[in-house]
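First comes the structure, then the notes that go with it.
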Amino acid sequence: PSCQANAREHWLAARERELLPVPYFHVVFTVPEILNDLALYCPEVFYAALLRAAGNTLLDVGRSKLKALLGCLTILHTWGQNLSLHPHVHCVVPGGGFSLDGKQWIFARNPAYLLPVKVLRRRFRTLLCSYLREAERKGKFARLPKTILPHAAIEGAWAQEWIAYVKQPFGGPRQVLRYLARYTHRVAISNSRIISFSDNKVIFRWRDYADSSRSKLMVLEATEFVRRFLMH
């Protein structure tokens, strides 16, 4: 644990040295659950496409709306509080970027507002589905069971509204970096959240964000607990 904590603090210090004297925003991109099988069976294909889509979404929308070249730090996060598969990407984004000719810095017009969320989530959907269709054409989903059709999953996801949000961190960029550092050097669940293991059942605490972030207890068979843990 001490080595883990030291590595986390080293990562955090390195990222803090990269911060610019501008406002920063916390951007999160989430994918529909219908794509989870692609992530589970072909993670190297799916997550490469996911991170590429998140970064290029910010670049594309930054160019079109701010006329600026944005930068970002992206972190992949695969689990939810109950250890279910929940792929999403956290991004730390400066409130501005270089002009398209690279000669000046362009600030976001409003320090509390970066980019339109509806445009971000639709561009993210377009890019990720495009990358996944390309991967399908190249046969990169060959490991999927025959009962799972990548085309059906991709087109089913395309038909849905996707989730993205942008908010200015209340405590500044360091607050978001410290939040992300908890995931860069940790596994899916800490020992402190595990209440007990008896009668082949594991009881652990989890926070239900769909229910006003209430803290709850979950009971899982040991094999199911291990299955969920190993997904991450």
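Any value given below was found using the heavy atoms of this structure, including those in side chains, with hydrogens, waters and symmetry copies removed.
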> Do the numbers put R214 on top of the ring of W206, so that NZ or CZ is under 6.0 Å from the six-membered ring centre and no more than 45° off the axis?
Replying inline: no
> Closest approach of G95 and V22, non-hydrogen atoms and distance?
Replying inline: N-CG2, 4.2 Å
>> Just checking F98: does its CZ atom have more than 12 heavy atoms from other residues, nucleotides or ligands closer to it than 6.0 angstrom?
In response: no
> Can you check whether H77 reaches I75 side chain to side chain, under 4.5 Å on heavy atoms?
Replying inline: no
> Are V27 and L19 grouped together when hydrophobic residues (ILVMFWY) are joined by side-chain heavy atoms under 4.5 angstrom apart?
Replying inline: no
> Closest heavy-atom contact between G96 and L70?
Replying inline: O-CD2, 3.2 Å
> Just wondering, do M231 and T78 contact through their side chains at under 4.5 Å, heavy atoms?
Replying inline: no
> Looking at CD1 of I106 and CG of L66, how far apart are the two atoms once the value is rounded to the nearest 0.5 Å?
Replying inline: 7.5 Å
>> Tell me if the CD1 atom of I148 is crowded by more than 12 foreign heavy atoms within 6.0 Å.
In response: yes
> So, H232 side chain and L83 main chain: donor-acceptor pair closer than 3.5 Å or not?
Replying inline: yes
>> Are there over 12 heavy-atom neighbours, none belonging to D211, within less than 6.0 Å of that residue's CG?
In response: yes
> Between the side chains of S192 and S190, is a donor N or O closer than 3.5 angstrom to an acceptor N or O?
Replying inline: yes
> For residues Y131 and N56, is any side-chain donor paired with an opposing acceptor at under 3.5 Å?
Replying inline: yes
>> Measuring from atom CZ of R174 to atom CZ of R15, what distance do you get when rounded to the nearest 0.5 angstrom?
In response: 13.0 Å
> Does F197 belong to the same Ile/Leu/Val/Met/Phe/Trp/Tyr cluster as I195, with side-chain heavy atoms less than 4.5 Å apart forming each link?
Replying inline: no
>> Under the criterion side-chain contact (heavy atoms from CB on, under 4.5 Å), I'd like the reasoning laid out for Y165 against T30: C-alpha separation, chi angles, the key distance, then a yes or no.
In response: CA-CA 9 Å; Y165 79 80; T30 302; over 6 Å; no
> Side chains of V187 and F229: does their closest heavy-atom pair fall under 4.5 Å?
Replying inline: yes
> Take atom CD in E221; do more than 12 heavy atoms of anything else shown fall under 6.0 Å from it?
Replying inline: yes
> Going through the distances and angles, do F204 and L220 end up as a side-chain contact (heavy atoms from CB on, under 4.5 Å)?
Replying inline: CA-CA 9 Å; F204 64 93; L220 293 178; 3.6 Å; yes
> Would you say V31 and F124 make side-chain contact, with heavy atoms under 4.5 Å?
Replying inline: yes
>> Just so I know, are the side chains of L120 and L58 near enough to count as touching, which here means a heavy-atom distance under 4.5 Å?
In response: yes
> Where do P87 and L50 come nearest, in terms of heavy atoms and distance?
Replying inline: CB-CD2, 4.3 Å
> Do D208 and Q81 come within less than 4.5 Å of each other through their side chains, counting heavy atoms only?
Replying inline: no
> Minimum heavy-atom separation for V202 to A222, with atom names?
Replying inline: CG2-CA, 4.2 Å
> If we only count heavy atoms from C-beta on, is the L132 to L35 side-chain gap below 4.5 Å?
Replying inline: yes
> Which residues satisfy the salt bridge (charged side-chain N to carboxylate O under 4.0 Å, His left out) test with E44, sequence neighbours excluded?
Replying inline: R143
>> Hydrophobic clustering (ILVMFWY, side-chain heavy atoms < 4.5 Å, transitive) - are Y24 and V93 grouped together?
In response: no
> How many angstroms lie between CG in L12 and CZ in R17, if you round to the nearest 0.5 Å?
Replying inline: 10.0 Å
>> Looking at K216, I want to see if its NZ is surrounded by more than 12 non-hydrogen atoms of other residues, nucleotides or ligands under 6.0 Å.
In response: yes
>> Can you tell me if D199 has over 12 outside heavy atoms packed within less than 6.0 Å of its CG?
In response: no
> Do V119 and K65 pass the side-chain contact (heavy atoms from CB on, under 4.5 Å) test, and can you show the C-alpha distance, the side-chain angles, and the key distance before you say yes or no?
Replying inline: CA-CA 10 Å; V119 176; K65 297 298 182 181; 4.2 Å; yes
> How long is the gap from SG on C129 to CD on E155, to the nearest 0.5 Å?
Replying inline: 7.0 Å
>> Assess whether a salt bridge exists between R137 and E134, defined as any Lys/Arg side-chain N lying under 4.0 Å from an Asp/Glu carboxylate O.
In response: no
>> Hydrophobic clusters here meaning ILVMFWY residues chained together by side-chain heavy-atom distances under 4.5 Å, can you tell me if V166 and L73 are in one?
In response: no
>> Run the side-chain contact (heavy atoms from CB on, under 4.5 Å) test against Q175 and tell me which residues pass, sequence neighbours left out.
In response: P169, F170
> How far apart are the C-alpha atoms of S213 and Y209, what are their side-chain angles, what is the distance that settles it, and do they pass the side-chain contact (heavy atoms from CB on, under 4.5 Å) test?
Replying inline: CA-CA 4 Å; S213 295; Y209 295 118; 3.3 Å; yes
>> Please report the interatomic distance CZ(R121) to OG1(T126), rounded to the nearest 0.5 Å.
In response: 12.5 Å
> Is a side-chain N or O of T57 found less than 3.5 angstrom from the main chain of A53, in a donor-acceptor match?
Replying inline: yes
>> I want to check something: taking the side chain as every heavy atom from C-beta on, are L85 and L40 in contact at a cut-off of under 4.5 Å?
In response: yes
>> Show the nearest heavy-atom pair for residues V28 and H26, with the distance to one decimal.
In response: CG2-NE2, 3.6 Å
> Can you name the closest pair of heavy atoms from R8 and A181 and give their distance?
Replying inline: CD-O, 2.9 Å
> Can you hop from L59 to F25 via hydrophobic side chains spaced under 4.5 Å?
Replying inline: no
> Any ion pair linking E136 and R133 (charged N to carboxylate O, less than 4.0 Å)?
Replying inline: no
> From K201 NZ over to T223 OG1, what is the distance, rounded to the nearest 0.5 angstrom?
Replying inline: 9.5 Å
> In terms of the angle between their ring planes, are H86 and H88 parallel, tilted or perpendicular, with boundaries placed at 30° and 60°?
Replying inline: tilted
>> Quick one: does any side-chain atom of R193 pair with a main-chain N or O of R205 as donor and acceptor, under 3.5 Å?
In response: yes
> Quick one: does N82's side chain have a donor or acceptor within less than 3.5 Å of a partner on S84's backbone?
Replying inline: yes
>> Less than 6.0 angstrom from the centroid, inside 45 degrees of the normal: does R122 satisfy that with respect to the ring of W162?
In response: no
